[in-house]
There are 2 protein chains.
Amino acid sequence: MADRAQYEELIRQFSAFGAVKRELTRILPVGCSSGSAAVLSLLGRYGDMRIGRLAELLAVDMSVTSRHVAHIAERGWVDRFPDPADGRSRILRLTPAGRTQLDELSERTTHLLADRLSDWTDDEVGQLSVLMARLRASFDDHPSAQERPAGASLITT
Amino acid sequence: MADRAQYEELIRQFSAFGAVKRELTRILPVGCSSGSAAVLSLLGRYGDMRIGRLAELLAVDMSVTSRHVAHIAERGWVDRFPDPADGRSRILRLTPAGRTQLDELSERTTHLLADRLSDWTDDEVGQLSVLMARLRASFDDHPSAQERPAGASLITT
DNA sequence: TATTGTTATACTCTATAACTATA
DNA sequence: TATAGTTATAGAGTATAACAATA
């Protein structure tokens with residue numbers, strides 16, 4: 001268990017992290033916002049999926065996800081197919097143009113990180129990745145009221 | 001040097017980090033936004049300072065900082081004194097009410113982190129803090145054009 | 001002429017609520 | 001009745017540009 005000063009320092013690091021995010025946003029291609037990039041990345045990493053699943057992975061509300069998807073669908077980067085298992089849903093799939101866009105994104109972000117983190121070891125990059133994944137998991141394990149759907153089987157005191 | 005897949009994974013962690021930030025935002029007292037909290041925290045940690053210095057620590061534009069400060073000044077949480085060394089600047093100082101507000105903030109965020117990170121060791125919390133500090137430093141060392149003032153003595157190729 | 005700070009404007013991301021269609 | 005998704009609205013954070021005051 002960490003002490004108060006350590007938690008406060010961590011919070012300040014969280015706050016300052018925005019600067020890193022914004023610099024990554026600045027290198028995105030025209031028409032591809034941060035939200036669009038996140039959707040393309042997840043579809044490329046995990047394959048076809050529904051809006052709801054995408055919203056979970058993005059950790060944002062479905063309404064937000066819907067808008068992001070509408071944005072990239074307008075640009076022809078994803079197609080929406082009927083879901084044979086559920087008429088209310090559609091399956092999202094990257095188009096060839098979407099994959100090209102994703103490749104461009106990946107090239108730019110990889111290049112930027114390789115430059116900025118040139119003095120980081122492979123292991124250090126991995127450590128940060130693992131710790132941030134665990135951080136998110138630690139928060140997901142205790143979902144707030146807003147994130148907890150009515151039917152979720154969660155025991156809360 | 002990490003490989004492409006590792007950088008891509010790191011980027012996805014960066015993207016999902018927003019969920020953690022938003023949960024921390026939700027517990028803030030009424031009238032105290034995330035920006036206000038960051039200003040109060042930095043004034044509490046580093047003491048009286050000018051807007052420009054605060055903008056550096058926040059890693060946002062001075063115009064943004066100015067708005068945040070105006071917000072908390074309206075609420076009586078900071079005073080602005082003339083800077084004897086420079087008539088264009090004013091020195092920001094926490095008021096007693098501001099310190100009370102900061103204490104309340106600190107209590108809430110510490111409590112939330114202690115709950116969510118209850119199974120993290122002191123050392124693991126420290127590691128995340130250090131890695132995020134280093135991440136920001138790695139980006140600060142290569143400032144983008146937008147962040148680099150005209151007079152800065154930086155050698156860029 | 002350069003710098004500090006403020007203000008107006010615009011853009012992105014986000015959640016809430018109301019709504020449609022389907023389960 | 002409950003769930004998947006869409007859309008309208010509102011709020012927060014941010015950058016850019018134009019401006020005022022001072023160095």
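In what follows, chains carry the letters A, B, and so on, assigned in the order in which the sequence lines appear, proteins first and then strands, with residues in each chain numbered from 1.
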Practice prompt. On DNA chain D, check which nucleotide each of A/Gly52 and A/Gly18 is closest to and give me the residue with the more 5' one.
Written response: A/Gly52
Discussion item. Show me the pairs that pass salt bridge (charged side-chain N to carboxylate O under 4.0 Å, His left out) and involve residues 90-103 of chain B, at least two apart or across chains.
Written reply: B/Asp48-B/Arg93
Fill in: Of residues 73-80 of chain B, the positions that come close to DNA chain D - non-hydrogen atoms, cut-off under 4.0 Å
none
Discussion item. Taking A/Leu112's backbone N and O only, do any of them form a donor-acceptor pair with A/Arg116's side chain (distance below 3.5 Å, no angle check)?
Written reply: no
Worksheet item: Looking for any heavy atom pair under 4.0 Å, which part of the strands does B/Val64 touch: base, sugar-phosphate only, or nothing?
Response: base
Worksheet item: Any side-chain donor paired with an acceptor under 3.5 Å for A/Arg50 and A/Ser89?
Response: yes
Discussion item. Please give me the minimum heavy-atom distance between B/Ala37 and B/Cys32, naming the atom from each residue.
Written reply: N-SG, 4.0 Å
Worksheet item: With sequence neighbours left out, what residues match A/Asp61 under side-chain hydrogen bond (donor to acceptor under 3.5 Å, both in side chains)?
Response: A/Ser63
Discussion item. Under 4.5 Å side-chain heavy-atom separation, chaining through any Ile, Leu, Val, Met, Phe, Trp or Tyr, what else clusters with B/Ile72? Say none if it is isolated.
Written reply: B/Leu28, B/Val39, B/Leu40, B/Leu42, B/Leu43, B/Tyr46, B/Met49, B/Ile51, B/Leu54, B/Leu57, B/Leu58, B/Val60, B/Met62, B/Val64, B/Val69, B/Trp77, B/Val78, B/Leu92, B/Leu94, B/Leu102, B/Leu105
Worksheet item: What residues in residues 42-51 of chain B put a non-hydrogen atom under 4.0 Å from any atom of DNA chain D?
Response: none
Show the distances under 3.5 angstrom between N or O atoms of the protein and N or O atoms of nucleotides 8-11 of chain D.
none

Worksheet item: If the sugar-phosphate is the primed atoms plus P, OP1 and OP2 and the base is the rest, what is the B/S/- string for nucleotides 18-23 of chain D, using protein heavy atoms under 4.0 Å?
Response: ---BBS
Practice prompt. State which residues pass side-chain hydrogen bond (donor to acceptor under 3.5 Å, both in side chains) with B/Thr110; sequence neighbours excluded, sorted by chain then number.
Written response: none
Worksheet entry | Test: A/Asp83 and A/Arg88 ion pair at under 4.0 Å | no
Worksheet item: Mind checking what makes side-chain hydrogen bond (donor to acceptor under 3.5 Å, both in side chains) contact with B/Arg53, not counting sequence neighbours?
Response: none
Worksheet item: Distance check: side-chain N/O of A/Arg90 vs OP1/OP2 of D/dT6, anything under 4.0 Å?
Response: yes
Worksheet item: When you check the phosphate oxygens OP1 and OP2 of C/dG5, does a side-chain N or O of B/Ser89 lie under 4.0 Å from one of them?
Response: yes
Worksheet item: Heavy-atom contacts under 4.0 Å between residues 27-36 of chain A and DNA chain C, which residues?
Response: A/Ser33, A/Ser34, A/Gly35
Worksheet item: Mind checking what makes side chain to side chain contact (heavy atoms under 4.5 Å, CB included) contact with A/Asp79, not counting sequence neighbours?
Response: A/Phe81, A/Thr95
Worksheet item: Do A/Arg134 and B/Glu124 sit within salt-bridge range, that is, some charged N less than 4.0 Å from a carboxylate O?
Response: yes
Response to the item:
Residues passing the side-chain hydrogen bond (donor to acceptor under 3.5 Å, both in side chains) test with A/Asp123, sequence neighbours excluded, are A/Gln127
Worksheet item: Does C/dT12 have OP1 or OP2 sitting under 4.0 Å from an N or O in the side chain of A/His68?
Response: no
Worksheet item: DNA chain D: B/Leu58 or A/Asp61, which has the more 5' nearest nucleotide?
Response: A/Asp61
Worksheet item: Would A/Thr109 and B/Glu8 count as having a side-chain donor-acceptor pair, cut-off 3.5 Å?
Response: no
